[in-house]
Amino acid sequence: MKKTYLLWAVFVIAVAALMAWLAGAGRPAAQVAGAAAENLDSAYDYDARDVVVRQMGPDGALQYEVEAKQVTQQPRNGRITASELVMHHDPAGTTPGGPRRWTLTAERADLPEQGDVVSLLGKVRAQGRLQEAQAPVKLVTEQLDYNLTAQSLASDQTVQMTWAGGTISGRKLRANIKSGDVALESEVHGTLAP
């Protein structure tokens with residue numbers, strides 16, 4: 001009986017040791033596979049930190065200046081993502097850094113590899129003049145699309161617009177920097193100064 005008990009004890013210890021070895025050997029393999037999958041999902045074509053980019057127009061004048069904490073490009077879709085973005089835009093024919101300059105800030109901005117629309121996300125602020133004679137306008141929202149070619153702003157989110165004449169909020173903003181046209185299409189509320 002003691003021999004049988006001893007054989008069972010050795011067998012149980014051997015099985016426990018085998019299970020421990022398999023669990024130990026299997027866990028790192030699973031962790032390595034998980035890490036590889038995570039790296040594949042978060043991999044990028046390039047990564048740049050504390051970036052300042054200046055784009056000049058055909059006449060050599062400054063058009064855009066972009067500052068970002070980090071800029072990456074995704075390999076699968078070519079999308080460029082910037083974090084902690086500050087973007088300055090000087091409309092054509094204006095003095096760089098002058099009174100017609102637009103400044104946009106956001107926690108994140110996405111730009112397709114082939115496209116002209118910058119999608120600003122998270123604590124978005126846009127400030128500038130819609131027309132030469134108008135006072136600066138400030139827009140606050142959580143999402144804003146900026147079409148660089150058309151010089152238009154659009155958002156389906158709630159937008160608060162402030163200028164010297166008052167404050168107004170609403171949804172579905174459509175604005176054109178060149179023409180000065182601005183529209184909030186729904187849920188519009190505001191206070192206008194006399």
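Along the sequence shown, the residues carry numbers beginning at 1.
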Could you list the donor-acceptor pairs under 3.5 angstrom formed by side chains in residues 178-186, with sequence neighbours left out?
residue: Ser179; atom: OG; partner: Asp181; partner atom: N; Å: 3.3
residue: Ser179; atom: OG; partner: Asp181; partner atom: OD2; Å: 3.0

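- Partners of Lys138 by salt bridge (charged side-chain N to carboxylate O under 4.0 Å, His left out), not counting sequence neighbours: none found.
- Grouping Ile, Leu, Val, Met, Phe, Trp and Tyr residues whose side-chain heavy atoms lie under 4.5 Å apart, directly or via other members, places Met56 in a hydrophobic cluster with Leu62.
- Here Arg171 pairs with Thr158 under the side-chain hydrogen bond (donor to acceptor under 3.5 Å, both in side chains) rule; sequence neighbours left out.
- Side-chain contact of Ser119 with Asp145: a donor-acceptor pair under 3.5 Å is present, judged by distance alone.
- Legend: residues meeting side-chain contact (heavy atoms from CB on, under 4.5 Å) with Ala126, ordered by chain and number and at least two apart, are Trp102, Leu104, Leu139, Leu144.
- For Ser155 (side chain) and Gln143 (main-chain N/O), a donor-acceptor pair under 3.5 Å exists by modelled atom type.
- For Asp59, there are no salt bridge (charged side-chain N to carboxylate O under 4.0 Å, His left out) partners at least two apart in sequence or on another chain.
- Hydrophobic clustering, defined by side-chain heavy atoms of Ile, Leu, Val, Met, Phe, Trp and Tyr closer than 4.5 Å, leaves Val52 isolated from every other such residue.
- Closest of all the heavy-atom pairs between Val117 and Leu111 is O-CD1, 3.5 Å.
- Thr72 and Asp47 share no donor-acceptor pair across their side chains, judged by distance under 3.5 Å alone.
- Evaluation of the ring pair (Phe, Tyr, Trp, His ring centres under 6.0 Å) test over residues 134-180, restricted to residues two or more places apart or in two chains, returns none.
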*Passes side chain to side chain contact (heavy atoms under 4.5 Å, CB included), Val51 versus Val66? Steps please.*
CA-CA 8 Å; Val51 177; Val66 176; over 6 Å; no
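- A ring pair (Phe, Tyr, Trp, His ring centres under 6.0 Å) check over residues 74-94, counting only residues at least two apart or in different chains, returns the pairs Tyr64-His89.
- Judged purely by atom type and a 3.5 angstrom limit, Gln73 has no side-chain atom pairing as donor or acceptor with the backbone of Arg79.
- Applying the side-chain hydrogen bond (donor to acceptor under 3.5 Å, both in side chains) criterion to Thr105, with sequence neighbours excluded, gives no partner residue.
- Looking at residues two or more places apart in sequence or on another chain, you find no side-chain hydrogen bond (donor to acceptor under 3.5 Å, both in side chains) involving Thr162.
- By the salt bridge (charged side-chain N to carboxylate O under 4.0 Å, His left out) test, Arg125 is found to be paired with no residue, residues two or more places apart in sequence or in another chain being considered.
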